[in-house]
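A quick write-up on the structure given underneath.
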Amino acid sequence: MLDRSKADFRPPAPYPAAVRPGLFKLLVRLKRNPLECWSADFFREPIAKVRLPFTDAFLINDPSAVKRVLMDNSTNYPKDPIQRRILAAGLADGLLSVEGARWEAQRRALAPLFSRRTVSHFVEAMLAVGGQFADKWSKLGSGARIDVAAEMALLTLNTLAFTIFSDGIGGDFEEFRLAMNAYFGVIGRIGALDLLGVPQYVPRPGHRRLRRTMAYFEGVIDDIIEIRRRRLARLDEGEGPNDLLTLLLRSLDPSTGRQLSLAEVKSNILTFLSAGHETTANALTWSIYLLSQSPQWWARVREEAERELDGPIDGLPDRLVVTKAVIEEALRLYPPIAAVSRSAEKGDRLGEVDIKRGSLIVIAPYVLHRHQGLWSRPDIFDPSRFMPDARGSIPRFAYMPFGVGPRICIGAAFALQEAAIVLAVLVRRFDMRLAQNAEIWPQQRITLRPANGLPMDIVERARG
Ligand code: HEM
């Protein structure tokens, strides 16, 4: 590990250009890495306007304007067409994509699935998945090189598969995983045609080729749901596998007593797999990277893991205080969802700025979390910001890796719990060193990930 104990550590990130790029450069950078589009003024201005060929766009960094868009006046700001495009295909009926009364009904029905109480029942499953990966790494031998980014993607997928379908997926998990990666690779891709507003009925290159994979993947999900539905029909309430699929099939909208349709159950399974997989994997990947560059925080996380992991399972996530501070700081510097966007249905006023109907509103946690007016030493890794004695001084609408307002991430508690448990398990068991010559660079590709993965050399510690 590098000794950075004395120096401030500025983790890798583009240095914002002094001037804004012109339209052509903007499009090139958007395609290559949208993080490179933000010039220095965006990190200083409370609200910055960008003229696009088809509309005006505004980047919002003023916490009270963020609150107005995402919370107080959120009905005026539905998700915009580009954001919808990311969520299209199999996710169309799921919580991420639906709007209005349908969204309200689904959110009410799904809220109990992700309550703190339900999520706390998954501590054991998360410990088990972390342990399985540690055992797998242990077999690779001392000094083995692994791509932590790829491993975390697999791990978070396993956790979801385990917590959604606790009795397995009824087939070859590896085949399922490959099909799933291909599936989400297709539906999440945004090309120039989308940015230019070309309608969805115009075929996108590559889609036809992957249609069979997508059909296979959806078929597997359909079968699992159908088998479980028949099984639950034979059982009493309260019986059956204790997992998210059972909860989904039994969930009722508390206001109307209506059950989710099978299409909604399926869309929400796809939504959880998609929204909960890469995001949490990136949170873990960046946390491990940042820790590997900071021996003192690594030591503090390990000390906490050694003290707490052998204690009672009850309340374990709440006792991983340092571990969570590191994860929250990783989510500040590298928010997996680097930007969310909305479109203004009617005109509005945000701070000093008039917003015309149809304007594109962008709230970019990546910029907000590094804004010079909101943070001290914004580019420096410092988890102490999130320790209990300091956490309260962070303005509520200046930090939002999970979004805010009614559409805040429903899986936030699940993700934070999983990340804390897995990080603690892995740091306790392994020393990890960044591979020599590794080039770590953040790239926004739907989620914010290290462009070349995270190659690390791992050594298992002797167990006492
Ligand atoms: C570190 C991990 C995660 C991050 C950073 C994250 C981030 C976000 C963000 C920023 C939003 C709001 C998007 C917007 O306002 O446009 C969101 C929504 C959502 N997330 Fe997450 N998420 C994570 C993990 C998860 C997990 C584990 C699940 C489920 C298993 C999940 C399911 C969802 C769903 C269903 C929504 C839509 C909520 C709604 O519209 O009512 N997320 N997430």
Side-chain angles (χ1 to χ4, degrees), residues 60 66 69-71 74 77-80 82-87 91 93-100 102-111 113-115 118-119 122 125-126 152-153 155-165 243-245 247-248 264 267-287 324 327-343 361-366 368-369 397 399-423 444 446-449:
I60 312 291
V66 170
V69 172
L70 293 181
M71 211 157 135
S74 61
Y77 294 100
K79 296 188 177 178
D80 70 285
I82 294 181
Q83 183 132 3
R84 274 175 208 286
R85 161 72 191 95
I86 311 180
L87 314 170
L91 311 184
D93 290 315
L95 187 65
L96 256 172
S97 340
V98 289
E99 292 279 355
R102 275 191 85 194
W103 170 78
E104 280 175 29
Q106 280 202 21
R107 183 88 193 197
R108 281 194 301 263
L110 296 177
L113 273 73
F114 291 98
S115 70
T118 314
V119 169
F122 297 136
M126 291 167 177
M152 292 304 107
L155 183 148
T156 53
L157 180 58
N158 273 266
T159 309
L160 281 166
F162 211 44
T163 47
I164 298 176
F165 322 109
D243 59 17
L244 288 172
L245 181 54
L247 290 170
L248 260 174
E264 286 173 322
S267 269
N268 277 302
I269 287 179
L270 293 174
T271 299
F272 300 159
L273 287 170
S274 155
H277 162 219
E278 247 180 58
T279 45
T280 316
N282 284 316
L284 272 162
T285 301
W286 287 115
S287 299
K324 259 196 274 188
I327 293 163
E328 292 205 276
E329 177 69 341
L331 289 171
R332 182 184 73 81
L333 286 165
Y334 300 112
I337 305 294
V340 299
S341 50
R342 300 290 193 263
S343 111
I361 306 294
V362 179
I363 299 173
Y366 178 80
L368 188 70
H369 294 175
F397 297 94
Y399 179 67
M400 41 162 282
F402 294 103
V404 287
R407 302 215 65 154
I408 193 170
C409 177
I410 202 169
F414 183 103
L416 280 176
Q417 175 176 300
E418 177 182 1
I421 289 175
V422 169
L423 189 60
Q444 186 183 344
I446 306 184
T447 57
L448 182 51
R449 58 182 68 175

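In listed order, ligands and their atoms are each counted from 1.
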query = Which atoms of ligand 1 have any heavy atom of Val340 under 4.0 Å away?
reply = 13 (C), 14 (C), 16 (O)
inquiry  = Which of the protein's N, O or S atoms come within less than 2.8 Å of atom 21 (Fe) of ligand 1, not counting waters?
reply    = Cys409 SG
key: CZ (Phe402) with more than 12 external heavy atoms under 6.0 Å   = yes
Residues that Ser74 engages under side chain to side chain donor-acceptor pair (under 3.5 Å), provided they are two or more places apart = none
key: With sequence neighbours excluded, residues passing side chain to side chain donor-acceptor pair (under 3.5 Å) with Arg342   = none
ask   = Any luck finding a side-chain donor-acceptor pair between Thr280 and Glu418 under 3.5 Å?
value = no
ask   = Any Lys/Arg nitrogen of Glu329 or Arg332 sitting under 4.0 Å from an Asp/Glu carboxylate oxygen of the other?
value = yes
message = Quick check on contacts: which atoms of ligand 1 are under 4.0 angstrom from a heavy atom of Trp103?
response = 39 (C), 40 (O), 41 (O)
Ile269 vs Leu245 side-chain heavy atoms within contact, under 4.5 Å = yes
message = Check the orientation of Phe414 and Phe122. Use parallel for under 30°, tilted for 30 to 60°, and perpendicular for over 60°.
response = perpendicular
task = Mark up the atoms of ligand 1 that fall under 4.0 Å of a heavy atom belonging to Arg107, in ascending order.
result = 38 (C), 39 (C), 41 (O)
key: Stepwise salt bridge (Lys or Arg N to Asp or Glu O under 4.0 Å) test for Glu99 and Lys79   = CA-CA 8 Å; Glu99 292 279 355; Lys79 296 188 177 178; 6.0 Å; no
ask   = Got the closest protein heavy atom to atom 12 (C) of ligand 1, with its distance?
value = Arg407 O, 3.6 Å
task = Using side chain to side chain donor-acceptor pair (under 3.5 Å) as the criterion, list what pairs up with Asn158, not counting sequence neighbours.
result = none
task = Side-chain contact test, heavy atoms from C-beta onward, threshold under 4.5 Å: evaluate it for Thr156 versus Leu160 and give yes or no.
result = no
note = From the list Leu95, Thr271, Asn268, side-chain contact (heavy atoms from CB on, under 4.5 Å) with Ile410 holds only for Leu95
task = Could you tell me the residue and atom name of the protein heavy atom closest to atom 14 (C) of ligand 1, and the distance to it rounded to 0.1 Å?
result = Arg342 NH2, 3.4 Å
Glu99, portion touching ligand 1 at heavy-atom distance under 4.0 Å = neither
message = I need the nearest protein heavy-atom contact for atom 5 (C) of ligand 1: residue, atom name and distance, please.
response = Pro401 O, 3.5 Å
query = Of the backbone atoms (N, CA, C, O) and the side-chain heavy atoms from C-beta on, which set of Glu418 has a member under 4.0 Å from an atom of ligand 1: side chain, backbone, both, or neither?
reply = neither
query = Against heavy atoms of Phe414, which atoms of ligand 1 measure under 4.0 Å?
reply = 27 (C)
message = Below a 4.0 angstrom heavy-atom separation, can you tell me which part of Lys79, side chain or backbone, both or neither, approaches ligand 1?
response = side chain
